Amino acid sequence: MQKFPKKERLSGKKAIGELFKKGNNSFTYPFKILIHYNDTFIDSHLRLLITVPKRNFKKSVDRNRIKRLIREAWRLNKSEAQQKMAESAFTVDVALVYASRTILTYKEIAPKIILILQRLIKEYEVHTTTSI
RNA sequence: AGGAAACAUCGGCUGUCGCGGAAGCCGCAUGGCUUACGAGGAAAGUCGGGACAGCGCAGAGCGCCAUACUUCCUAACGGGAAGGGGUUUCACUGGAAACGGUAAAACUACAGAGAGUGCCACAGAAAAUUACCGUCUAGUCAUGUCCCUGUUGACCUGACUAGAUAAGGGUGAAAACGUGAGGUAAGAGCUCACGCUGCCGGAUGGCGACAUUCGACAGGGGUAAACCUUAUGGGCUGCAAGGCCAAAUAUGCCGGCGAAAGUCACUUGUUGACCGAAAAGAUCGCUCGUCUGAUGCCGGUGGGUAGGCUGCUUGAGUUGUUUGGCAACAAACAUCCCAGAUAAAUGACAGUCAUUCGCUUCGGCGAAAACAGAAUCCCGCUUAUGAUGUUUGUUUAAU
RNA sequence: UGCCUGAUAGUGUAAUUGGCAACACGUCUGACUCUGAAUCAGAAGAGUUUAGGUUCGACCCCUAAUCAGGCAA
């Protein structure tokens, strides 16, 4: 099943503030990526936040479309990462900030998301070994 | 065929995977399954107006703000409908001219400039009860001419003084009713004829704005999207309003804040209490009024929390028929329940069928598909928009 | 969500009862210098964010739009 319920989405002023304040910053075109490891388990093992800045896209139609495409790509490809993290005792928060100024199609976005998820798995393995 | 206005609709179906709340079922529970439903005409701008909610009643006067032809519609509006007046354009037409008449189209923030104040650059004599040049009359002086040589004759020209006048002075965006005649020392609506405009009164038509007509009077520019006058309306704040629950905490720190006249008490003074209502504060501003008024109030600063439920979607509602009305719209009857998210759902991929465009070897192939995304709800306005269809009237061509 | 300001040469600012759009820096040309900078002289560069209206006349007044900035919770 390739679902994407509410629990796997990051929400709440406090959690988002924490993520943007303490998260590790990296960049993979066209996304700016923020990752933060919570010490305790909250709702789900992997939580995602999608952001499209209003500065680059003035019309809410465009912002909505980009967010929907990213969410769709994430939903269809996230299962591997979720399986790896299934036994851990903490939660990984991820924020994707869309940094391009043009609207990409689904066929362009999907490979990038797959790439980002693979990197995420590698980073996760490093994090677990060092922390233990 | 072109362009205009109004209204309606924007992709359909199948498959695979998802999202949101609702209802039902299963489960101790996290949850799972099924069913139907799930963006717009502008959801936008936040420009008007309401509903709803809260605020130490919101009251009076002044100020402030908004609106401004009439009637009607509406819950209300700065919105809409119908009508009136005006402006511009074009055609025909009357007249010597000034200026009108008829018909059509487009536009119209359209109360008052004859209540008051201000302003009108440059140019022009003058920009608003004018007077520079000019024109005319009278007087004084000077020069000259004439002859009847006058104490002080007549006339021409010039200067000065006192008055009359507003015809002409070609400027300007705008010039003191227009044209013609009379009249006069010169002139002037000073008078007359024709025409124009305004105001008052009467009559007729219209609910009314107003129109037509008669009489009398007047002819003193423009600007109120300058101040203003008149009339009407306006309490303020907004669903992040407001209510409830949970969690957390600090009556934290700094500054400011009064008591007239009077009574009582004893510890007789920077005392306490009563009465009273001052300072201060609230009500958009000011004055009054009202209310609060000491473990209190006001201002500043700082700490904690920042989760959930409700408000929340059944409403000036949708669709249809009939009736009334020129229309906006209203009434009656029947019918239906039709989004409620919260870092924020309404989607992705594949195929196929329609629509439009281009190329066609007429088999097809390729491409495109506007403006744009609900956030308390509703009625308007404004702005952005590619098509397709229907209706209406208009222009051109043909019959 | 609800409000409030502003928009003028390339840049920063002026422009008052509504009457010729101004100043500084920058740019360009010339002079000075072996060359450059500084200095001196001169020139160009806008029609006032856009559209409509009021007025004889609009940066200024009114209406609508566009863009930018700010405030409250």
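What you see is a predicted model, and the numbers here were worked out from it, not measured in a lab. Each chain gets a letter, A, B and so on, in the order its sequence line appears, and its residues count up from 1.
Taking 4.0 angstrom as the limit, A:Thr105 places none of its side-chain polar atoms (N or O) nearer than this to OP1 or OP2 of B:C349.
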N/O-N/O pairs, protein side and nucleotides 341-343 of chain B side, under 3.5 Å:
residue : atom : partner : partner atom : Å
B:U342  : OP1  : A:Lys6  : NZ           : 2.4
B:U342  : OP2  : A:Lys6  : NZ           : 3.4
B:A343  : O2'  : A:Leu10 : O            : 3.3

Between the protein and nucleotides 34-38 of chain B, which nitrogen or oxygen pairs come in under 3.5 angstrom?
none

Quick one: which protein N/O atoms are closer than 3.5 Å to N/O atoms of nucleotides 39-43 of chain B? Pair and distance per line, please.
none

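Within the 4.0 angstrom heavy-atom criterion, no nucleotide atom of any strand lies near A:Arg63.
The 5' end of RNA chain B is approached more closely, in terms of each residue's nearest nucleotide, by A:Pro5 than by the other of A:Tyr106 and A:Pro5.
Residue side chain A:Arg71 does not reach the base of B:C19 through any donor-acceptor N/O pair under 3.5 Å, judged by distance alone.
Within a heavy-atom distance below 4.0 Å of RNA chain B, the residues of residues 107-116 of chain A found are A:Lys107.
With A:Lys78 contributing its side chain and A:Lys3 its backbone, the two residues share a donor-acceptor pair below 3.5 Å.
With its glycosidic angle within 90° of 0, B:G41 adopts the syn conformation. Anti is the classification of B:G205, since its glycosidic angle lies more than 90° from 0.
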Practice task
Could you encode protein contacts along nucleotides 26-32 of chain B as a string, one character per nucleotide from 5' to 3', using B for base contact, S for sugar-phosphate-only contact and - for no contact, with a heavy-atom cut-off of under 4.0 Å?
Solution key: ----SS-

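Taking the salt bridge (charged side-chain N to carboxylate O under 4.0 Å, His left out) definition, one finds that A:Arg47 meets it with A:Asp93, sequence neighbours left out.
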